[in-house]
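Working notes, beginning with the structure itself.
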Amino acid sequence: MKDIYVVLHNVLSPQKLIEFVSTCVSFGVKNIILSKVGGSAAQLGIGEAFKIAIKHNAKLIVLPDLYDIKAILPYPIYFIVQKEYTNEEINIEEVYKNYVENKGIIFVFGGLEPGLSKKELELGKSFHVNLGDEIPTVALLSVVLYLLRNKFFKD
């Protein structure tokens, strides 16, 4: 999954941060970004996340905010949110087409509920995965990465 960047934004829980990074590397993601990490996630979770990333030969980037991601990476941003925050369901074929055309793509997942402000959502396009309400972040991540890998990145 070259040039696919997966972002966890606005997280306070070290456990959620560690589970997010572990899930990414288990699906073969090599570019993981943590933005707006606070509280015990910043104090305890980042160190453990780096160990996991190094062990799996993945890059782990820590940035202050989503605006920094937009400033350094030229790829389209897709926000994966709960159904209540967008009417548009993810279309994996469209996502893959954009990935190929732009030679990369960024997926952003919120670490808190709702995790993303309206202003932040204006930085990209928002989708849901049509699985129900209040799906945990790591579960949303797993579904999206499974859909991508199963459809386009089979070994």
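For reference, positions follow the sequence shown, starting with 1. The figures here come from the full heavy-atom set of this structure, side chains too, leaving out hydrogens, waters and symmetry mates.
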### Task
Please identify each residue that fulfils side chain to side chain donor-acceptor pair (under 3.5 Å) with S35, with sequence neighbours left out.
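S35 satisfies side chain to side chain donor-acceptor pair (under 3.5 Å) with H9 only.
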Mark yes or no for whether [X], through its side chain, and [Y], through its backbone, hold a donor-acceptor pair below 3.5 Å.
X: S26; Y: T23; answer: yes
X: Q82; Y: H128; answer: no
X: K16; Y: G111; answer: yes
X: N102; Y: N98; answer: yes
X: N150; Y: L147; answer: no
X: S126; Y: T86; answer: no
X: K30; Y: H56; answer: yes

### Message
How close do Y85 and V81 get, counting heavy atoms only, and between which atoms?
### Response
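Residues Y85 and V81, closest heavy atoms: CB-CG2, 3.9 Å.
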### Query
So does K51 pair up with E48, basic N to acidic O under 4.0 Å?
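Judged by the 4.0 Å cut-off on N to carboxylate O distance, K51 and E48 do form a salt bridge.
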#### Entry: CD1 on I92 to CG on L148, rounded to 0.5 Å
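Spacing of CG (L148) from CD1 (I92) equals 4.5 Å.
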### Task
Measure the spacing between CG of D65 and CG of N10 and express it to the nearest 0.5 Å.
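D65 CG to N10 CG: 8.5 Å, rounded to 0.5 Å.
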### Query
Can you find a pair of side-chain heavy atoms, one from L123 and one from F79, that are under 4.5 Å apart?
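They are in side-chain contact.
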### Task
Using salt bridge (Lys or Arg N to Asp or Glu O under 4.0 Å) as the criterion, list what pairs up with E94, not counting sequence neighbours.
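Per chain and number, E94 pairs via salt bridge (Lys or Arg N to Asp or Glu O under 4.0 Å) with K125.
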### Message
My understanding is that only residues two or more places apart in sequence, or in another chain, count here; which of them pass ring pair (Phe, Tyr, Trp, His ring centres under 6.0 Å) with F127?
### Response
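Scan of F127 (ring pair (Phe, Tyr, Trp, His ring centres under 6.0 Å), adjacent residues dropped) gives Y78.
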### Task
Compute the centroid of each ring, for F27 and then for Y146, and state whether the two points are separated by less than 6.0 Å.
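F27 vs Y146: aromatic centres not under 6.0 Å.
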### Query
What do you reckon, is OH of Y67 surrounded by more than 12 foreign heavy atoms closer than 6.0 Å?
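More than 12 heavy atoms, drawn from other residues, nucleotides or ligands, come within 6.0 Å of this atom.
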